Every structure is written in structure tokens, then in C-alpha cells.
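Since the structure comes first, as C-alpha cells, the remarks are kept for the end.
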Amino acid sequence: MNVLVFADSHDGMIAKSAFEAVTYGSKIAKDSGGSAAVLTYGTISSDSLNELASYGITNVLHCSQLTDMDPQQLARLLAAASGDQQSELIVFSHDYTGKSVAPISAARLNAGIVSGAIDYPETSAGFTVKKAVFSGKAFAQVKINSDVKVVSLLPNSVGKTKTEGTANVTEFNPDCGAPSVVVKEQKSKGGEGISLTEADLVVSAGRGLKGPENWGMIEELATELGAATACSRPVADIGWRPHHEHVGQTGIAIRPNLYIAVGISGAIQHLAGVNGSKVIVVVNTDPEAPFFKAADYGIVGDAFVVVPKLIEAVKALKIAQG
Amino acid sequence: MNILVCISKAPDTTSKIVFSNGNTTFNEDGVQFIVNPYDEWYALVRALELKESGGGKVTILSVGGADYEPIMRKALAIGADEAIRVDSDTRDSFQIASEIAAVAKSNAYDLILLGKETIDYNGANVGGMIAGLMDYPYVSNASKLEVNSNVGQIEREKQGGTEVLEAKLPCVISCAKGMAEQRIPNMRGIMAARSKPLNVVASCGAGAMTEVVSFTLPDAKGSVKLIDPENAAELINLLHTEAKVI
Ligand SMILES: Cc1cc2nc3c(=O)[nH]c(=O)nc-3n(C[C@H](O)[C@H](O)[C@H](O)COP(=O)(O)OP(=O)(O)OC[C@H]3O[C@@H](n4cnc5c(N)ncnc54)[C@H](O)[C@@H]3O)c2cc1C
């Protein structure tokens, strides 16, 4: 089937999660004997555009006339590109942009959608995609019955694979209608910290840390590992940490390769946001803390003793690796 | 201002998830249902605040069977003025959005608010689909909303930060944390809710585009490998050599 992948960019570079969506789309196209194309928009460096070629894409449509994330205009752009490419499957990343544009596109294209897919489709009997439901407590196999299909891929689900190739980048600037929103201001969350939803490694802490002044060691461990930081809900609610770090059922859901939880009890609502993590490490003074049941590795101990030792061990490992 | 808030029913966050009929149906036995937290805490409460400061009416809308009525009464107890239930046994987000759009097309709503996603299907689709079907501006994952003479001033989440933007009403906004604070209904609200109008309307007959074929539960975790706190460095070693994640 012909696949069109919508690739978002940040700061002039194709987003990391977009390369994963591109890997996903190009594999589906290849396995089914179709072709894959990428649609992207905004100001993007040509190096970054060309990098798309290394993920099995030769055909890149770049719309430089749109720069704001205007979901209605982008959905029109996507509809034009999917007509142009005779696409049967549209792939998004299930990130903020994907969540905004994919459902409008599905409505415009009269397409069924599975959002937050975590694996490649099963195509032996129709087109069925696996997604997490009940906030990560279960999975559903969802079949799409429409001719044109939309899938948005949860970041960190299939990884990205590089191949050889050169991209053929074409300017693509169809009529996308009048703007529906006007962006007035961008506010960065500050710090050069790694974005939580895209991070491979996450260090998270909860009420067990006693106060915001004790987060220095959590940040240091994260920096040494190259990890993002996260927190439990009460910690964000009382203002010890910013809201955007709150993970869980009512915060954001993440699925890093490694999630280290320090001083977090592991309430069901917290687990709902992190149980897709590949490896979970728990540090808690209470051996009965429910989090240990969901953990791969655990240390029953005081965070204030254990975390400094972990920092030293990571430093030692880095030295040993040169 | 005339505000429509879309309300979904969801299993309580502590519910045990069990499937029946050969893993094709969510088993609702003993499950306590609540108003989907994002719909209630953020969309509904912000709608009520906007009404309190600027006047108007807040209508809640659910697409579902009679089993939706208890959670709709709860939303009325929190302060919504009236309720509409589209009587339909919906199967997917496209069908739900089509039903909502059908109602919205025959009523002049200035704002359509809903939560950023439901905590059961986690689709995050309905808002965008309504916007697509109505050709209204759509802002998803909004954490702030003010309205000034027919223009919404909105802050939305984006990768690595937030964005302040404006959209002309009518528009569709999916609401996330930051929008408002949860409100607990008081006795007066609960009493008043009993006599507020809850109108049942017929389905527009829209079809579904997708179907759930089966559900599965995650594999049970093996037991946790405990490391002696005295020897915490061993953990880093295991993450490197055994789990191979660092
Ligand atoms: C509808 C609803 C939605 C919710 N959504 C979320 C959500 O999205 N995300 C979320 O996180 N929560 C959520 N919650 C809250 C959740 O139920 C828990 O209350 C919360 O996760 C607990 O946070 P915590 O683990 O940081 O704190 P606590 O439960 O207080 O746990 C602190 C832990 O730290 C340990 N500890 C104490 N001292 C130390 C020390 N020196 N060293 C090591 N460990 C120590 C303790 O043994 C304890 O296990 C929700 C609740 C409800 C009702």
C-alpha cells in the first residue's frame, strides 16, 4: 500500500519521533509492495530533510509556506498530499502535533484512525493495529475498515532503522485555506533538558524526596545518564516540580527504555503512565511499596543514600567506557 | 456564551480491567463509572467559570445509552445547565464525533470543549474530528483559555513548551491540566441536578470506521531483582550489562 508519513520538526530539524514514524511507514510500504512518501512543513535545514532518505524514503514533500502548527491548514495540506501520492495509509507520530492534525485529517479523508499504535499492523485478515487502552492497563487490536487509513504511532514503540538512499525533496505548496489559528507567542519550558515524551531514559521522583530542595541529586543523576526528569502528581500539585513533568493517568504517558522511580509509591494512577517502559527501577524505603511489583530492578533503601551512590557508579561507568 | 461540553463515561481510575466474551468485551461487572476526568476537571469546570464571568449557558452532551445518565447527573450537579444524550451504541471515535457534530450543527454553540482524551480508549480523536466535520478551528491539549469578544486566547502544550494563540469562535478545544481545578458538587447542586433538563435525542445513524477485534492484558512482570542498598553501584552495572539500557 502507498504510505504517506507526516513528519513534524522542531527548531529546524526533523523530530526524533518523526524518524520512527518514517521507519514504520516505509517498512509497511515495502512489505506490501507500495511506495512511501514523507510530508513535512516549516523551516527545516536541508541536511535534516536529506536525513529522511536514510530511513528508506526517497520522496519528500516539503511545504515551506506554512510555519505555524495550524491543525486545519495542515489537515488540508495533508489531504492534498495524500491525493497527490494516492496514499492508502497515513502515518503520524502520536505527539502534540499528531494529536491535533491526525483526527481532523481522518474526518476530512473519511478514514478510520487508530491513535497511539504500538506495533506494526497485522494484515493477514484486514488491517489490524495494536494500541494501549485503559491507560496502559491493557491492549486492544483495532481493525480499520475504511479504504484510506490513518495510524498515529506512539513514540518509542518500534524504534528507528537506518538504510541507504538519497532523498528527492520537492517543494509542495498547495492551497491550504485561510489560517484558523494565529500563534502569538512561543514559551519554552526552559533548560536544555531532554524532552520527556521522546526520552529513552527517565529519572523520576515523588513525595519520598521530602522537598523541592532535594531534587539536585535527581537532576544530577539524570544529567549523568543523559535522561529526562519526571515526577509524581502530588509533587507537581504542590509545586515542587513543574506540571509538565507529571506522569501518570492524568499526566503524560511515557514509554522510555529505562524508568527510574525514586521515592514514588507506585499508585495505580502513576503506573498507568509509565507501565509501557521497557525496564523499571524502583528505589524506595518501604519494601511493601506497590511499585516493586511492577519493577524489574529494585533497591529497598533511602534515596538520600542510594542516589549519590548511583551517580558515582554512572560516572565510573562512563570513565570505564572512555 | 453558549458552551457545549462533551462528557464521556470512564471506569474509575482504580478499576480492575477484566475482559469477557473471548476477550472481546470489557467486563463492567462491579466497575464504578466516573465522568472522564479530563472532561470533568478541565473542560466542564472551565466552561462553568466562563459562564460565571461572562454569562451564557453550559450544555453537556454524551453519546451513549441510558447507563450514561448517572454521570450526566453528576456533571449537572457540578453546575451544567442542561444535558443532551444522543441515544446510540457507538463503537468508535468517528461515530461519536459524527453524532456530536450533528447536534452542534443545529445549535449555535460558541465553544465546544472536551477533555484531551478518555482514560479508557485513550484515543484523543473526538475533538479533532468534530473540528474536521464542522470546519471549526481546533486547539488540542489546551492548558489556558480566555474569551474576549468572540476570540479565544488559548495556551496549548507543544513539544518542549507551550504556545499562546488566538482562534475565532466558534471553535473546538480539548482541555488538559492547567485549565481549571476540580470542583466537588455540593448538596444544593446535587438536588438541583435532579430537576435540570436531560433531553434524549435519536442517533443520526453515523457508522463506525474501526472495531476492536480483541483485548489483551500485559504479560505479568517477573519478580523484581533486588539489589542491596550497600552495593547500589551493582544496579548500574546490571542496567549496563544485563538489561542493556544504558
Ligand atoms: C483520579 C486520580 C488520578 C491520579 N492521577 C495520577 C497521575 O497521573 N500520576 C500520579 O503520579 N499520581 C496520580 N494520582 C495520585 C496517586 O493515587 C498517588 O497518590 C500518587 O502517585 C502518590 O505520589 P507519590 O508516590 O509521590 O507519593 P506517596 O504515595 O506519598 O509515596 C511516597 C513514597 O516515597 C517513599 N519514601 C519516603 N521516604 C523515602 C526515602 N527517603 N527514600 C526512598 N523512598 C522514600 C515512601 O515509602 C512512599 O512509597 C491520581 C489519583 C487519583 C485519585
Side-chain angles (χ1 to χ4, degrees), chain A residues 10 71-72 75 95-96 99-100 103-104 106-108 112-116 128 132-135 137-146 180-189 195 201 225 243 249-250 257-258 268-269 279 292 294-301 305-306 309-310 313-314 317, chain B residues 11 13-14 17 19 37 92-94 97 119-129 131-133 135 137-141 157-167 177-178 209-218 221 224-227 229 232-233 235-240 243 245-246:
Chain A
H10 306 302
Q72 286 286 9
D95 54 13
Y96 290 117
K99 286 176 191 174
S100 300
I104 305 183
R108 278 194 192 285
I113 178 171
V114 173
S115 52
T128 307
V133 289
F134 297 100
S135 303
K137 290 178 220 163
F139 304 104
Q141 293 285 350
V142 188
K143 190 170 167 197
I144 308 183
N145 294 318
S146 54
S180 67
V181 296
V182 184
V183 176
K184 293 280 177 187
E185 191 190 336
Q186 312 271 350
K187 293 185 184 170
S188 142
K189 274 168 192 161
S195 139
L201 312 175
L225 284 168
H243 279 307
Q249 186 149 16
T250 49
N257 291 334
L258 173 64
I268 190 164
Q269 297 95 353
V279 174
F292 283 114
D296 299 281
Y297 298 95
I299 297 183
V300 178
V305 176
V306 172
K309 287 188 183 172
L310 297 180
V314 175
L317 176 70
Chain B
T13 53
T14 53
I17 307 300
F19 301 108
D92 81 345
S93 45
F94 193 84
I119 60 167
D120 50 2
Y121 190 70
N122 305 104
N125 286 329
V126 172
M129 287 178 167
L133 294 167
D135 212 354
Y138 179 50
V139 181
S140 66
N141 278 281
E157 301 280 321
K158 65 167 202 146
Q159 198 67 46
T162 56
E163 220 164 38
V164 183
L165 45 92
E166 287 184 356
K177 189 164 180 163
M209 301 271 188
T210 60
E211 60 184 300
V212 173
V213 183
S214 64
F215 290 104
T216 46
L217 292 170
K221 274 262 179 193
V224 53
K225 194 173 222 174
L226 288 178
I227 292 119
L235 171 68
I236 299 300
N237 184 31
L238 287 170
L239 292 176
H240 179 57
V245 286
I246 59 172

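The figures that follow rest on heavy atoms only: side chains count, while hydrogens, waters and symmetry mates do not. Each chain gets a letter, A, B and so on, in the order the sequences are listed, and its residues count up from 1. Computed from a predicted structure; not experimentally measured.
At a cut-off of 3.5 Å, with distance as the only test, no side-chain donor of A:Gln141 or B:Ser214 sits close to an acceptor on the other residue.
With sequence neighbours excluded, the residues forming a side chain to side chain contact (heavy atoms under 4.5 Å, CB included) with A:Ala313 are B:Ala233, B:Ile236, listed by chain and number.
Here the shortest heavy-atom pairing between B:Val224 and A:Tyr297 reads CG2-C, 3.6 Å.
Contact count versus chain B (heavy atoms, under 4.5 Å) is highest, among A:Leu258, A:Val114, A:Val305, A:Asp95, for A:Leu258. The most heavy-atom pairs under 4.5 Å with chain B, out of A:Val142, A:Thr128, A:Val314, come from A:Val142. Contact count against chain B (heavy-atom pairs under 4.5 Å) is highest for A:Ser100 among A:Pro71, A:Ala132, A:Ser100. Interface check for chain A: of the options B:Ala167, B:Gly123, B:Gly178, B:Pro11, the most heavy-atom pairs under 4.5 Å are formed by B:Gly123.
Of the two parts of B:Lys177, only the side chain, counted from C-beta on, holds a non-hydrogen atom closer than 4.5 Å to a non-hydrogen atom of chain A. Both the backbone and the side chain of B:Asp135 come within less than 4.5 Å of a heavy atom in chain A. In this structure, chain A has heavy atoms under 4.5 Å from both the backbone and the side chain of B:Ile119. With a 4.5 angstrom heavy-atom cutoff, A:Ala106 touches chain B via backbone and side-chain atoms both. Contacts of B:Phe94 with chain A are made by side-chain atoms alone, with heavy-atom separations under 4.5 Å and no backbone atom involved.
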